[in-house]
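Only this structure's heavy atoms are used, side chains among them; waters, hydrogens and symmetry mates stay out. The chains referred to below are lettered A, B, ... by the order of the sequence lines, with proteins before strands, and numbering in each begins at 1.
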Protein chains: 2
Amino acid sequence: MDDIPNIARVAALIGYPARATMLSALMDGRALTASELAALAGVTKQTASGHLAKLEEGGLIANVTQGRHKYFRLNGNDVATALEALMGVAATRSRTRTGPKDQTLRKARRCYDHLAGELGVFMHDRMLAKAWLTPKGEDIEFTVSGKSAMIAFGIDITSLATRRPTLVKPCLDWSMRRYHLCGSAAVGLLEQIIANGWASQQNDSRAITFTPKGEQCFREWLG
Amino acid sequence: MDDIPNIARVAALIGYPARATMLSALMDGRALTASELAALAGVTKQTASGHLAKLEEGGLIANVTQGRHKYFRLNGNDVATALEALMGVAATRSRTRTGPKDQTLRKARRCYDHLAGELGVFMHDRMLAKAWLTPKGEDIEFTVSGKSAMIAFGIDITSLATRRPTLVKPCLDWSMRRYHLCGSAAVGLLEQIIANGWASQQNDSRAITFTPKGEQCFREWLG
DNA sequence: TCCATAGTTCGGTGTGCAGCGTACCATTAT
DNA sequence: ATAATGGTACGCTGCACACCGAACTATGGA
């Protein structure tokens with residue numbers, strides 16, 4: 001039963017408004033500085049410093065020090081997955097109706113480093129339907145035509161494959177209850193979507209906002 | 001940003017040893033009484049009563065009152081999913097090496113109400129390989145031969161389909177990092193496995209222990 | 001009817017910990 | 001040099017809440 005205290009420890013780290021806010025902010029995949037996180041969470045720098053130290057000791061976040069700045073990021077996709085799972089539970093349990101802000105998050109958002117939400121699920125489904133991806137056991141993998149499509153889209157899939165363990169993998173979406181894509185190729189896809197000017201990300205949110213024209217291009221590309 | 005307090009609230013409910021122990025105990029899918037949960041968590045009945053009321057108010061558990069007994073169960077598969085995700089994070093972050101108890105859990109255990117662990121993943125993979133299941137978009141579904149196999153195995157798949165929303169669905173396994181099966185058919189499968197005498201469940205653990213012969217039959221059935 | 005058991009309510013105690021003020025180091029700018 | 005900014009260490013205060021003891025209600029059995 002030694003695993004019980006561990007899960008309690010992890011949950012307790014998340015189970016506090018200030019820390020939960022920080023972690024949620026980091027869900028957008030960017031690395032933020034201690035001061036930024038402090039401002040977001042609405043606490044002083046000292047308090048934030050303490051929280052961040054605890055989160056890091058617990059292995060939930062990691063930091064990169066650059067000069068006098070200390071950038072924090074989520075420590076692994078499994079942390080993001082756990083946070084999304086908790087969001088799913090919280091969302092269905094809360095009586096607060098979905099606001100407008102919630103709507104944009106449902107449509108498209110970052111899940112750590114890849115695209116999630118309605119459009120993320122859409123991309124997943126279409127890439128399977130177009131036979132760019134094919135199921136392989138419990139995972140998925142690129143087909144030959146899928147690899148060509150990635151390269152045509154500007155994603156150097158061969159070099160990506162060597163950099164990170166998983167190229168592409170399904171990831172459960174809390175708002176849709178269906179799968180979207182994660183993995184290094186999914187990271188590249190989101191980067192390219194933004195590079196194309198199809199979408200952009202606000203500074204203070206995980207929401208990915210597609211321009212009308214951008215969404216049209218996106219859907220046509222997958223059409 | 002109204003979703004932040006919610007996730008913190010849910011996590012805080014889990015983030016306490018007594019409550020985490022109770023929730024973990026309920027992961028085996030059985031409904032337990034307040035006194036049993038109190039004993040498992042190592043607190044008095046009064047304390048447990050308070051915890052259980054909080055968990056219920058938070059929507060994580062639900063109860064069925066039968067006479068003077070009050071049986072508690074997890075309130076939905078998404079709660080189990082979130083708990084598993086937290087276990088995954090906790091497991092990889094903790095320095096404690098996998099003990100013998102851990103080994104049996106890795107081999108086979110209940111995840112809420114269905115089979116998880118090595119053998120659960122094995123069943124998922126084999127049923128796909130045998131073409132009893134086939135991927136359907138992001139989900140999976142039974143093939144004709146799969147349905148026959150289920151009926152032959154003693155699972156009334158047609159009546160199950162009407163009782164619960166999802167018949168069969170992939171569910172991520174924290175120890176294996178791969179998918180096993182959940183859904184009403186998966187519940188039936190585990191029940192039948194136990195009814196066949198292939199495996200049994202200890203009273204105080206989520207572990208499912210297969211008899212040597214039972215495991216052999218299980219593997220042959222899927223062979 | 002009386003007793004045993006399951007569970008809850010209430011009041012009180014203790015403690016863990018978030019949050020801040022102050023003071024302090026480290027890095028960059030002037 | 002001095003100043004400005006990012007981040008940390010320490011001590012303190014206050015509050016939330018876990019936990020228990022005792023008393024209470026409700027169900028079931030003898």
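In this structure, the nucleotide among dT8(C), dG19(C), dA18(D) sitting nearest to the side chain of K70(B) is dT8(C). Nearest nucleotide to the side chain of H69(A), out of dG7(C), dA18(D), dG6(D): dG6(D). The K45(B) side chain lies nearest to dG7(C) when the options are dC20(D), dG19(C), dG7(C). Distances were taken from every side-chain heavy atom of R19(B) (C-beta onward) to each of dA18(D), dT8(C), dT8(D); the shortest belongs to dA18(D). The V43(B) side chain lies nearest to dC19(D) when the options are dG7(C), dC19(D), dG6(D).
The pair R109(B)-E118(B) does not count as a salt bridge, with every side-chain nitrogen at least 4.0 angstrom from each carboxylate oxygen.
In this entry the distance linking OH of Y71(A) with C1' of dT27(C) reads 13 Å, nearest Å. Atom CD1 of I14(A) is separated from atom P of dC17(C) by 16 Å (rounded to the nearest Å). One interatomic measurement links the two molecules: CD of E36(B) to P of dG7(C), which rounds to 8 Å at whole-angstrom precision. As rounded to whole Å, 11 Å separates atom P of dG7(D) from atom CE of M22(A). F72(B) has its CZ atom 11 Å from the C1' atom of dT8(C), to the nearest Å. To the nearest angstrom, C1' of dT8(C) lies 16 Å from CG of L37(B). Nucleotide dA18(C) holds its P atom 10 Å from the CG atom of L55(A), rounded to whole Å. In this structure, Y16(B) atom OH and dA16(D) atom P are separated by 16 Å, rounded to whole Å.
Looking only at atom types and distance, the side chain of S24(B) has no donor-acceptor partner in the side chain of T21(B) under 3.5 Å away. No hydrogens or angles considered: nothing links the side chains of Q46(B) and S49(B) as a donor-acceptor pair under 3.5 Å. Looking at T33(B) and E36(B), their side chains do bring a donor and an acceptor atom within 3.5 Å of each other.
Distances shown here put a side-chain N or O of T44(B) below 4.0 Å from the OP1 or OP2 atom of dC20(D). Using a 4.0 Å cut-off, some side-chain N or O of K54(A) falls inside it from OP1 or OP2 of dA18(C). Distances shorter than 4.0 Å separate none of the side-chain N or O atoms of T47(A) from OP1 or OP2 on dG19(C). Here H51(A) reaches the OP1 or OP2 of dG19(C): one of its side-chain N or O atoms lies under 4.0 Å away. Using a 4.0 Å cut-off, no side-chain N or O of S35(B) falls inside it from OP1 or OP2 of dT5(C).
The residue A18(A) sits close only to the backbone: its heavy atoms come under 4.0 Å of sugar-phosphate atoms, none of a base.
Annotation: W221(B) is not in aromatic contact with F122(B) [ring centroid separation under 6.0 Å not met].
Taking 3.5 Å as the limit, the base of dG21(D) and the side chain of Q46(B) contain a donor-acceptor pair of atoms between them.
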